[in-house]
Amino acid sequence: MVFEKETIDPAAQEMLQVAEEEGRETTWDLREQMEPQCGFGDTGVCCNICLQGPCRVNPNYNEKGNQKGICGARDYTIVARNLVRHTVGGTSSHSGHARHVAELFREVAEGHVDSYEVKDKEKLMKVADKLEIETEDRETNEIAKEVAEEAIGNFIGFHGEELSWLEPMVPESRYQIFNECNIIPTGINDAINEAMHRTAMGVDSDPLNLIFGNLQTALADFTGCTIGTDLSDIIFGTPEVVESEANLGVLDEDAVNVIVHGHEPVLSEKVVAAAKKLEDEAKEAGAENGINVAGICCTGNELLMRQGVPLATNFASQELAIMTGAVDAMVVDIQCIMPSIQSVANCYHTEIITTIPFSKISGAKHIEFNDSTADQDAEEIVRTAIEAYKERPKEINIPDYKSKLMAGFSFEEIENILSQVNEDDPLSVINDAIDEGDIKGICLFAGCNNTKVTHDKNHTEVAKGLVENDVLCVATGCVANALGKAGFMLPEAVEEYAGEGLKRFFSKLNEELGKELPLIWHMGSCVDNSRLIEFVTALANHKGVDIGEYPIVASAPEPMHEKAVSIGSWCVTIGLTTHVGVLPQITGSRLVTEVATKVAKDVYDGYFILESDPEAAVEELVAELDERTWVQDMKA
Ligand code: MSK
């Protein structure tokens with residue numbers, strides 16, 4: 001098959017053929033031109049922090065080459081500092097997203113904007129309870145105001161006090177570990193600030209101290225993710241099971257196709273509403289089927305989870321969506337948007353529309369999106385797409401590939417499903433299945449695509465291996481998109497891929513429910529990894545153990561973004577052994593690598609499995625789940 005080295009997605013393969021025939025450059029061409037990549041950078045031993053750099057050190061002490069930077073920094077200092085700065089990038093991304101939602105929520109609570117509202121009062125009460133905010137005999141808006149102030153306070157810090165949103169999210173025993181290691185942040189912005197400071201030239205050079213600093217920043221990242229998820233649910237609704245479709249075949253030749261791409265639901269929810277409102281204008285422009293909104297990356301996941309909007313594709317294949325010639329506008333906000341999409345769009349009629357003042361692309365149209373004028377801004381965006389549609393050339397290439405999928409597995413929805421099976425003790429449905437051996441444990445799939453490996457291949461192979469070994473899998477981000485495209489988020493996939501134990505689990509569950517659940521549960525966007533922690537904390541508390549003793553692992557088979565580094569770091573800190581399928585840039589320091597892959601286990605129970613071979617990764621993940629169950633059995 002052609003382009004099988006680049007991708008296993010048949011729609012992407014077909015579009016790569018089109019790209020070749022039309023002489024278009026893709027991210028895979030750019031990767032090829034970039035080879036060989038710098039070995040120093042690839043292993044994390046290039047330091048560019050001060051203006052004396054770049055300093056590149058040779059970590060192999062038996063070979064020739066500089067073993068210290070100009071200031072005397074050794075490999076372990078350089079690698080640890082670079083790691084912290086990756087986590088800072090991830091933390092500022094997630095928390096920037098979350099802070100926008102928090103500021104919008106405060107505006108809503110104070111009655112300053114009317115385009116948004118408190119949609120999910122139940123979730124507001126749940127979050128208020130979690131934060132120990134009084135809810136009895138109080139107006140919704142009073143409670144919302146206090147929750148909003150608490151959220152903003154978690155960003156700016158409470159004058160040395162610990163983050164209030166973090167403690168209730170993990171078991172008491174885990175919080176105690178954070179405390180003992182002195183890694184509880186006092187504010188998300190404080191953590192980012194301190195991490196940048198400690199990694200500046202001439203500050204922290206102790207690799208272990210830097211690694212603890214990394215974990216502190218990662219916990220700030222986790223807190224930001226949780227705030228983002230909680231407040232988005234309050235404003236836009238907590239997801240419930242929905243059915244939809246995924247892959248480029250969701251584009252509709254006879255509709256104005258609007259792709260929303262990036263991360264925040266604040267904009268994309270309004271684009272969906274505007275698209276519904278302006279259907280007739282699209283039809284008048286000649287689009288028989290009106291307006292078709294589809295998503296890429298986590299904006300797509302947010303809309304899929306709450307509205308059933310289809311997924312066009314995931315990170316690596318974003319350019320290929322434009323090359324179909326059927327995308328009239330690609331509306332972007334923040335994160336994971338390749339600058340190359342504008343060069344690709346230049347060859348088509350597609351309008352690339354940026355919306356956030358600090359996130360522009362040269363050559364793209366900028367329509368600023370403001371919370372206070374959200375409806376009007378979204379309508380302007382959709383009208384721009386309708387205008388572009390009128391210029392759409394006749395020849396388009398929409399690959400005939402799409403898969404049905406089910407999504408919407410928020411923790412609340414999972415609880416709701418389990419309570420239909422056991423009203424008094426819903427979590428026992430999962431914990432009993434683990435005790436009886438039907439389920440070996442749980443795996444969270446998270447993360448992106450990375451052109452260092454074949455697009456979507458690691459995702460699907462690790463998933464196949466785990467479900468075959470009776471692991472209950474949930475997924476977020478671009479891996480969720482990949483697994484959706486490949487048909488894993490359907491009930492039929494249980495019969496096709498699950499091991500005998502997992503099949504028994506689903507058959508009992510489905511029988512009690514009177515409906516069928518998909519094999520892998522879509523939990524949402526990158527920030528929604530927090531949903532899994534809420535789920536596993538509830539399960540661990542129910543079982544009376546810490547997360548580090550619970551059979552739970554995580555896997556990022558194709559990580560790309562700095563956000564994947566911060567998520568991986570907090571997963572390990574919270575006690576999840578975490579597989580990474582593309583080697584992170586830490587292997588230049590033996591010390592840092594050993595801490596990540598071995599020593600971390602002694603402190604946090606979780607550690608990193610760095611393994612690019614999917615089969616070997618499955619073996620290690622399954623062995624970890626087995627070990628946790630075995631230790632529990634021994635204790636019992
Ligand atoms: S979008 S961070 S490529 S998962 Fe959240 Fe996908 Fe990774 Fe971006």
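When a ligand or atom number is given, it counts from 1 through the structure's own listing order. Quick note: residue numbers are just sequence positions, from 1.
Ligand 1 places these atoms under 4.0 Å from at least one heavy atom of Met560: 3 (S). When each atom of ligand 1 is checked for a heavy atom of His561 under 4.0 Å away, the hits are 2 (S). Atoms of ligand 1 lying under 4.0 Å from at least one heavy atom of His263, given by number and element, are 1 (S), 5 (Fe), 8 (Fe). Of all atoms in ligand 1, listed by their number and element, those nearer than 4.0 Å to a heavy atom of Gly447 are 4 (S). Residue Cys448 approaches ligand 1 through these ligand atoms, each under 4.0 Å from one of its heavy atoms: 2 (S), 3 (S), 4 (S), 7 (Fe).
Between atom 7 (Fe) of ligand 1 and Cys478 there is no N/O/S contact shorter than 2.8 Å. Among the backbone and side-chain atoms of Cys336, no N/O/S atom is found under 2.8 Å from atom 5 (Fe) of ligand 1. Residue contact annotation: Cys297 places no N/O/S atom under 2.8 Å from atom 5 (Fe) of ligand 1.
Thr217 and Thr91 form no side-chain donor-acceptor contact under 3.5 Å, judged by distance and modelled atom types alone. Between Thr229 and Asp528, the side chains place a donor N or O and an acceptor N or O closer than 3.5 Å (distance only, hydrogens not considered). No side-chain N or O of Asn314 forms a donor-acceptor pair with one of Asp9 less than 3.5 Å apart. Judged purely by distance below 3.5 Å, without hydrogens or angles, the side chains of Glu412 and Thr238 never pair a donor atom with an acceptor atom.
For the pair Asp29 (side chain) and Thr26 (backbone), a donor-acceptor distance under 3.5 Å is present.
With atom 5 (Fe) of ligand 1 as vertex, Cys298 SG and Cys526 SG subtend 90°, rounded to 10°.
Distances shorter than 4.0 angstrom do not occur between any heavy atom of Gln335 and any atom of ligand 1.
Considering only heavy atoms from C-beta on, Phe315 stays 4.5 Å or farther from His455 through its side chain.
Ion pairing between Asp233 and Arg306 holds under the 4.0 Å rule for side-chain N and carboxylate O.
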